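Residue numbers count from 1 along this sequence. Please read all numbers here as calculations on a predicted model, not as lab measurements. Counting starts at 1 for both ligands and their atoms, in listed order.
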Amino acid sequence: MPSLDAVRESNSSFSPAYRPTALFVGGTSGVGEATAKAFANAVKGRAHIILCGRNRSRAEHIIAGFPQTPESKYEFIQCDVSLIKNVSKAAEEVKSRIDAKLNYLVTSQGLMTLKGYDPTSEGIDYKLSLHFYSRWRASFADELMPCLEKAAAEGEEARFMSILHPATGAPLDTDDLGLKQKFTLPRAAGQSVTYNDLFVEEYAKLHPNISFIHAFPGFTRTAIGRNLPWYTLPIKPVVHLLSRSQDDSGQYLCFALVNPTYKSGGFLVDENGEQQSPKANLASDEGRQALMKHYAAVVRIA
Ligand SMILES: NC(=O)c1ccc[n+]([C@@H]2O[C@H](COP(=O)([O-])OP(=O)(O)OC[C@H]3O[C@@H](n4cnc5c(N)ncnc54)[C@H](OP(=O)(O)O)[C@@H]3O)[C@@H](O)[C@H]2O)c1
């Protein structure tokens, strides 16, 4: 496992020949904010960085802390990405602000909740929408894939990262894709990470010049527990003891994001930025195709 010092040193030696463009959906808090900050510092402010989320004042505060150079360009796009139609609009806005090329697309929108099935007006569970559908739709990935492709075609980096919990999912349940029949929180967690694992592999086959990374941030002290009920408070000190700081997490995630090893292909990456093996027997070939079709149908209908 690389030490934090080695990771910091590696990040600070990152020096692309061009000014990279990066979008951080979920960059207004927690591990997304930390990755954006580590990235801005790694490139010493020579970047076009867009943060996307709902909280404009947080974004402005974060951007004010980024290093400033004549080549720095920092922006915020406000969007509630739980609705797929909003994601499409935000992706259009991103396209209007960049020069047709996107080098890094990092998605970490998410929440921790004890609420059960909670459909949005588009009929998708809120948590699943944040942790899967919006990431790959917006992943902005589908909407912005041509911009990543363009960067790759010009010999530049083109990478997509979904920050969640790779290689920890349950086998794909092809009988209940989207969990409309039986929704429980453990099933939602187990299936959404599997969906991300499988999409990383499937999208890497479809777009061989682009890197797709599903990364674990490690247990990190962020504001993610802000809406948990009062009776969870006693576990807070334990979580604090066992977790890493947001900044440390951001360093490791940035290390994975720019690591030359992950230039193209599909990768599952652990909290130290190291590659993990996929879990065996998550899905058959037919299961993978069923998931891709399910996703396409859901985002099209939404
Ligand atoms: N922290 C950990 O230990 C840990 C461990 C493993 C995995 N993860 C995963 O990492 C992801 C991020 O966690 P975190 O700890 O960084 O949480 P966080 O500090 O609460 O950050 C969540 C981010 O998601 C954005 N977001 C939430 N709902 C949104 C919505 N409807 N529309 C647009 N943006 C939305 C928030 O932006 P706005 O508030 O501006 O909307 C914020 O930027 C989650 O999926 C979590 O499951 C975290």
Side-chain angles (χ1 to χ4, degrees), residues 23-38 50-63 76-91 93-94 106-115 118-122 124-140 161-169 185-186 188-193 195-197 213-228 235-236 238-250 252-253 256 268-272 276:
L23 169 65
F24 294 86
V25 186
T28 52
S29 177
V31 296
E33 168 189 350
T35 312
K37 189 174 151 192
I50 303 174
L51 303 184
C52 178
R54 294 164 302 179
N55 193 332
R56 180 176 294 280
S57 58
R58 275 292 302 154
E60 285 168 354
H61 173 78
I62 293 162
I63 284 172
F76 172 62
I77 291 179
Q78 192 167 37
C79 182
D80 178 344
V81 299
S82 65
L83 292 179
I84 302 300
K85 64 177 184 202
N86 293 351
V87 166
S88 300
K89 252 192 245 161
E93 199 172 337
V94 171
V106 178
T107 59
S108 63
Q109 62 267 37
L111 84 165
M112 192 182 273
T113 175
L114 299 185
K115 229 179 183 179
D118 181 19
T120 65
S121 58
E122 293 173 336
I124 304 172
D125 172 67
Y126 189 81
K127 190 178 170 94
L128 284 182
S129 184
L130 290 182
H131 286 177
F132 174 61
Y133 300 100
S134 71
R135 292 182 180 209
W136 290 88
R137 172 57 172 198
S139 349
F140 277 74
M161 177 183 270
S162 176
I163 303 176
L164 200 58
H165 210 160
T168 56
L185 289 175
Q191 291 296 300
S192 58
V193 300
Y195 294 175
N196 275 280
D197 278 3
I213 303 169
H214 181 189
F216 181 49
F219 292 106
T220 309
R221 290 188 288 281
T222 67
I224 195 162
R226 59 173 91 63
N227 294 322
L228 289 178
I235 62 164
K236 265 197 166 173
V238 183
V239 172
H240 191 89
L241 262 182
L242 298 177
S243 55
R244 55 168 48 156
S245 76
Q246 207 173 280
D247 280 351
D248 291 356
S249 185
Y252 277 101
L253 287 162
L268 309 184
V269 168
D270 70 12
E271 68 271 38
N272 303 314
Q276 281 181 282

With [atom] as the reference point, say which of [options] has the nearest heavy atom.
atom                    : options                       : result
atom 33 (C) of ligand 1 : Cys79, Gly32, Ala215          : Cys79
atom 36 (C) of ligand 1 : Val31, Asp80, Thr28           : Thr28
atom 23 (C) of ligand 1 : Pro166, Ala34, Ala223, Gly26  : Gly26
atom 3 (O) of ligand 1  : Thr222, Leu253, Thr35, Thr220 : Thr220

Looking only at distances, please establish whether an N/O atom of ligand 1 is found under 3.5 Å from an N/O atom of [X].
X      : value
Val81  : yes
Gly110 : yes
Pro217 : no

**Study point:** Side-chain donor or acceptor of Thr35 paired with backbone N/O of Val31 under 3.5 Å
**Key:** yes
Review point. Do any N or O atoms from the side chain of Thr220 and from the backbone of Thr222 form a donor-acceptor pair under 3.5 angstrom?
Key: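 It does not hold such a pair.
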Enumerate the atoms of ligand 1 whose separation from the nearest heavy atom of [X] is less than 4.0 angstrom.
X      : value
Leu130 : 28 (N), 29 (C), 30 (C), 31 (N)
Phe219 : 3 (O)
Tyr126 : 31 (N)
Gly30  : 16 (O), 19 (O)

Review point. Are Arg244 and Tyr252 in a cation-pi setup, meaning NZ or CZ lies under 6.0 angstrom from the ring centre and within 45 degrees of the ring axis?
Key: yes
Check your understanding: Of all residues at least two apart in sequence or in a different chain, which pass the side-chain hydrogen bond (donor to acceptor under 3.5 Å, both in side chains) check with Ser121?
Key -> none
Run the contact test for [X] against ligand 1 with a 4.0 Å cut-off on heavy atoms, strictly below, and give the result.
X      : value
Arg226 : yes
Gly218 : yes
His165 : no
Arg58  : no

Review point. What's the verdict on salt bridge (charged side-chain N to carboxylate O under 4.0 Å, His left out) for Asp247 and Lys37, showing C-alpha distance, side-chain angles and the deciding distance?
Key: CA-CA 8 Å; Asp247 280 351; Lys37 189 174 151 192; 3.2 Å; yes
Revision key, fill the gap. Taken in chain and number order and not counting sequence neighbours, the residues that satisfy ring pair (Phe, Tyr, Trp, His ring centres under 6.0 Å) with Phe216 are His165, Phe219
